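The next block holds one structure in the form of structure tokens; read it before the comments.
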Amino acid sequence: MPVRRDTGFIAREKLQIRPGRASPPKGEKTVREWTRDERYRVLRDPSEIRDLYESIKTSVYRQTYHVQPMTGLSSDPNGFALHKGIWHLNYQWCPWGAVHGLKYWYHVTSPDLVHWKNEGIGLAPDCFYDNRGTHSGSAISHGDDLVFFYTGNHRDEDWTRTPFTCAAYLGADGRLKKLPKALFGPRDDHSEHQRDPKVIRNEANGKYYILLGAQTLDKRGCVLIYESEELLSGWRYAGELKVPGFEHFGGMWECPYIVNISGRDVLIFSPQYTTLPGRGASTNHNVYLIGKMDYDTLTFTPEGGYHFLDYGFDFYAAQGAANVGDPDKAVLIAWIGLPDNHYPTEEEDWEGSMSLPRELRIRDGRLVQTPVPAVRMLAGDPVPADGSLPPACEMTVTPCAGDFRLHLFTKENGDGGLRLTYDAASRTLTADRTGMDKRFNEKVGEVLSVPLPDGLAKLDIFIDRSSTEIFFNDGEATFTTHTYPTAREFHYTVSEGASVLIRPMEKSVTDEFAV
Ligand code: FRU
């Protein structure tokens, strides 16, 4: 097949190393080369991935309290909603290995957003509309029904893509059931990148809206809006969302989401195909705008510039849950990982995990993010803060005044690690992961900074076996990164005068084999 100079998945496919090529262009180390047939292989029977699961299960990097794939790759969170007291979450899943290929939805449930159970495949790419992938989407609880919207990624034989917006619902047996027909197809006044339906209900006018991440014909990122009075019928195109000042901001806006929190509208999306100041060479970002959404004119008027939803290396495609039942908060979860990037567990044929679910609130006109309170149920009694680091723990640090440093995952003698350095003069914290034994995505960047305009008062750090999430100053800024410490790196050093509380975290993901 001809490899087109295009954006999106074809670009991702091109990132795999090809024979005779000295190095991959951007995401660095790929462990193996996948043919298209291998990437797009259909899973016909659970037994086909049983051995893979058994071997992956023994990895020292398996998470203990973050949702992760049984095998293969997990990426975007999908269909995240509270329905009849149970939290439902799906994620993009490619069963065969750490590669973006044929995507399934994998379904997990939780009573409390912390203890998660593997339910099995949510949506499989098994019909005309989604023959090459059940791509991202959302859910909404509607009376007795939990209704899902997703992108059917159809490709024909010459690999031309047609994205369909499709729907499904939760059946009495707990499995997702697809509607036989797609709700609508793509528009020809935009490029083929039209996907990730986020369904929202506007309480003010009682209408439902679907936001689609999209790209204009001249390759600018945007959001398309559909509206309907009914959830499963009557969908019509309302127009392209106007976001004054953001007409030229990246080449595709993936996973858009608009939520009202305490009377302020927040637009969250993942712009790609552009670098942004302060983000190294990365071309994938997750940002938000605070402003006012006018559904009559389809205009989101931002109050000021964009903000990074998270300042870390690996945080993308965040999705807010539906039906949280509190006008002052939203609950959000994201993929710890980025498109086009490669991670050390690729050699074990799996990668990616979900972030901790976070509550979003508006404080002093700013968005703040804190782990959902239930996360704290997992924290056990404190262990001595003696310089050693449990593999899964919460670390709460109150820094000393002035300049401050905290080096996580150092060797016993304090060398190396993920080095966090706060410069009081510029009120900036710098995170540098070049000191860790396992380096990855070097060209994308291994050093990033977090501006903390009000200074640094507190760090809440959630360490799991292959990720670290930091909440600064009770959620004013966050920093999420994959971390893959080796056996000799479970130590830390910290500036004198800081207080450190370390509490091991209990296991809360079941990780059982369920297909
Ligand atoms: C974001 C994304 C979505 C798409 C999905 C496919 O990472 O590219 O736009 O629906 O991944 O896996």
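In this text, all values refer to a predicted model and were calculated from it rather than measured experimentally. For ligands, and for the atoms within them, numbers begin at 1 and follow the listed sequence.
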Q: Would you mind listing which atoms of ligand 1 come within a distance below 4.0 Å of any non-hydrogen atom of Ser136?
A: 5 (C), 10 (O)

Q. Can an N or O of Tyr316 be found at a distance shorter than 3.5 Å from an N or O of ligand 1?
A. no

Q. With atoms numbered from 1 as shown, which atoms in ligand 1 lie under 4.0 angstrom from a non-hydrogen atom of Trp335?
A. 7 (O)

Q. Between Arg236 and Phe184, is NZ or CZ placed under 6.0 angstrom from the six-membered ring centre and within 45° of the ring axis?
A. no

Q: Using a strict cut-off of less than 4.0 Å between a Lys/Arg side-chain nitrogen and an Asp/Glu carboxylate oxygen, indicate whether Arg465 and Asp511 qualify as a salt bridge.
A: no

Q) Asp196 near ligand 1, heavy-atom distance under 4.0 Å? A) yes

**Q.** Partners meeting ring pair (Phe, Tyr, Trp, His ring centres under 6.0 Å) with Tyr295 (sequence neighbours left out)
**A.** Tyr209

Q) Can you list the atoms of ligand 1 that are under 4.0 Å from a heavy atom of Gln92? A) 5 (C), 6 (C), 12 (O)

Q. Taking the six-membered ring for Trp, are His307 and Tyr288 parallel (under 30°), tilted (30 to 60°) or perpendicular (over 60°)?
A. parallel

Q.
Out of Leu73, Asn153, Asp76, who is nearest to atom 11 (O) of ligand 1 when you count heavy atoms only?
A. Asp76

Q. Going by distance only, is there an N or O of Ser75 that falls short of 3.5 Å from an N or O of ligand 1?
A. no

(Q) Just to be sure I'm reading this right: ignoring hydrogens, which of His135, His193, Arg195, His100 gets closest to atom 9 (O) of ligand 1? Compare them by their nearest heavy atoms. (A) Arg195

Q. What orientation do Trp116 and Phe80 show, parallel under 30°, tilted 30 to 60°, or perpendicular over 60°?
A. tilted

Q. What residues form a ring pair (Phe, Tyr, Trp, His ring centres under 6.0 Å) with Tyr129, not counting sequence neighbours?
A. Phe164

